[in-house]
Amino acid sequence: GRYLGPNTTLQLGLGRSDQGATFCTMYSSATGCSGPLIETETTSDSMDLEVFHVRRFRSLTYSLQGRVSEIDAQSEARSSWPSLFSDTEYSQRVYSVATELFPTRRLGVRVGYSQPDGDFDIDTYDVGATWFFKPRVAVQFTLSRTSRDDIPPGGIDHSDSAGIRFIGRL
């Protein structure tokens, strides 16, 4: 990153995410999954530009973050049935804001919100904890919920995920 002032940095980030899921095509409450399974694998590469500001207020330290991410993803689906699915590729820009409160020098509690650019009705909320086990090295645990408002009643309108991120500051 690059310092823009004594408490503010501009950071460039690169990331990769691999996700897998298995879905049942025919489900009955009496017999459970009776149809073939569909397995999906998604690989996402991201490039982020983030403004990170840290401030001390009385005995507490807090941070404010704003981020723009460009995400390129590839997804493939596999099934024992003749495939009705095709591999897909897409790009998406996502805007995020977050704040983190540090009640101690080593522990932070974070909340955040993200939304993609365009006509998507998708919101992501997250909560997390950051632990600095060395003065400039930390691990961050997050729980996220992504919600979609354009899913018909009875459909899956949200997904939950957990993440671990290692942070090193020079």
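- Connectivity analysis of hydrophobic side chains (ILVMFWY, heavy atoms under 4.5 Å, direct or indirect) links Leu107 to nothing; its cluster partners are none.
- Expressed to the nearest 0.5 Å, how far CD of Gln65 lies from CG of Asp48 amounts to 11.0 Å.
- The list of ring pair (Phe, Tyr, Trp, His ring centres under 6.0 Å) pairs with a residue in residues 127-153, not counting sequence neighbours, reads Trp131-Phe133.
- A side-chain donor from one of Glu100 and Thr130 sits under 3.5 Å from a side-chain acceptor of the other.
- Members clustered with Ile167: none, using a 4.5 Å side-chain heavy-atom cutoff among hydrophobic residues.
- Taking both residues in full, the closest heavy atoms of Phe102 and Gly108 are given as CD2-CA, 3.5 Å, listed atom of the first, atom of the second, then distance.
- For Glu50, the salt bridge (Lys or Arg N to Asp or Glu O under 4.0 Å) criterion is met by Arg67, not counting sequence neighbours.
- Taking Asp45 as the reference, Arg16 meet the salt bridge (Lys or Arg N to Asp or Glu O under 4.0 Å) condition, with sequence neighbours excluded.
- Between the side chains of Asp72 and Ser91, at least one donor-acceptor pair of N or O atoms lies under 3.5 Å.
- Linking Ile, Leu, Val, Met, Phe, Trp and Tyr whenever their side-chain heavy atoms come within less than 4.5 Å puts Val137 and Val139 in one cluster.
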Considering only distance and modelled atom types, tabulate donor-acceptor pairs under 3.5 Å from the side chains of residues 154-163, sequence neighbours left out.
{"residue": "His158", "atom": "NE2", "partner": "Arg145", "partner atom": "NH2", "Å": "3.2"}
{"residue": "Asp160", "atom": "OD1", "partner": "Arg145", "partner atom": "NE", "Å": "2.7"}
{"residue": "Asp160", "atom": "OD1", "partner": "Arg145", "partner atom": "NH2", "Å": "3.3"}
{"residue": "Asp160", "atom": "OD2", "partner": "Arg145", "partner atom": "NH2", "Å": "2.9"}

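- Sorted by first and then second residue, the pairs that involve residues 102-112 and meet salt bridge (Lys or Arg N to Asp or Glu O under 4.0 Å), not counting sequence neighbours, are Arg110-Asp126.
- Counting only N and O atoms by type, the side chains of Ser46 and Ser69 include no donor and acceptor under 3.5 Å apart.
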Carefully, step by step, assess Thr124 and Thr146 under the rule side-chain hydrogen bond (donor to acceptor under 3.5 Å, both in side chains). CA-CA 4 Å; Thr124 300; Thr146 301; 3.0 Å; yes
Given side chain to side chain contact (heavy atoms under 4.5 Å, CB included), test Ser63 with Phe52 step by step and report yes or no. CA-CA 7 Å; Ser63 69; Phe52 186 81; 3.9 Å; yes
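- A distance of 5.5 Å separates CG in Asn7 from NE2 in His53, rounded to the nearest 0.5 Å.
- In terms of the side chain to side chain contact (heavy atoms under 4.5 Å, CB included) criterion, residue partners of Gln74 (sequence neighbours excluded) are, by chain and number, Glu89.
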Decide side-chain hydrogen bond (donor to acceptor under 3.5 Å, both in side chains) for Thr43 and Asp18; before the verdict, give the C-alpha distance in whole Å, the side-chain angles of both, and the deciding distance to 0.1 Å. CA-CA 5 Å; Thr43 300; Asp18 293 312; 2.9 Å; yes
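- Hydrophobic cluster of Val68: the remaining members, joined at side-chain heavy-atom separations below 4.5 Å, are Tyr95, listed by chain and number.
- With sequence neighbours excluded, the residues satisfying side chain to side chain contact (heavy atoms under 4.5 Å, CB included) with Val97 are Tyr113.
- For the pair Glu41 and Ser75, the minimum side-chain heavy-atom distance is 4.5 Å or more.
- Here the side chains of Thr61 and Val54 are in contact, with some heavy-atom distance below 4.5 Å.
- Applying the side chain to side chain contact (heavy atoms under 4.5 Å, CB included) test to Tyr62 and every residue at least two apart in sequence or in another chain returns Arg55, Phe57, Leu64, Leu101.
- Open room surrounds CD1 on Ile164; 12 or fewer heavy atoms of other groups in view lie less than 6.0 Å from it.
- Partners of Pro116 according to the side chain to side chain contact (heavy atoms under 4.5 Å, CB included) rule, which considers only residues two or more places apart in sequence or in another chain, are Gln92, Val94, Phe120, Ile122.
- Taking both residues in full, the closest heavy atoms of Ala77 and Ile38 are given as CB-CG2, 4.3 Å, listed atom of the first, atom of the second, then distance.
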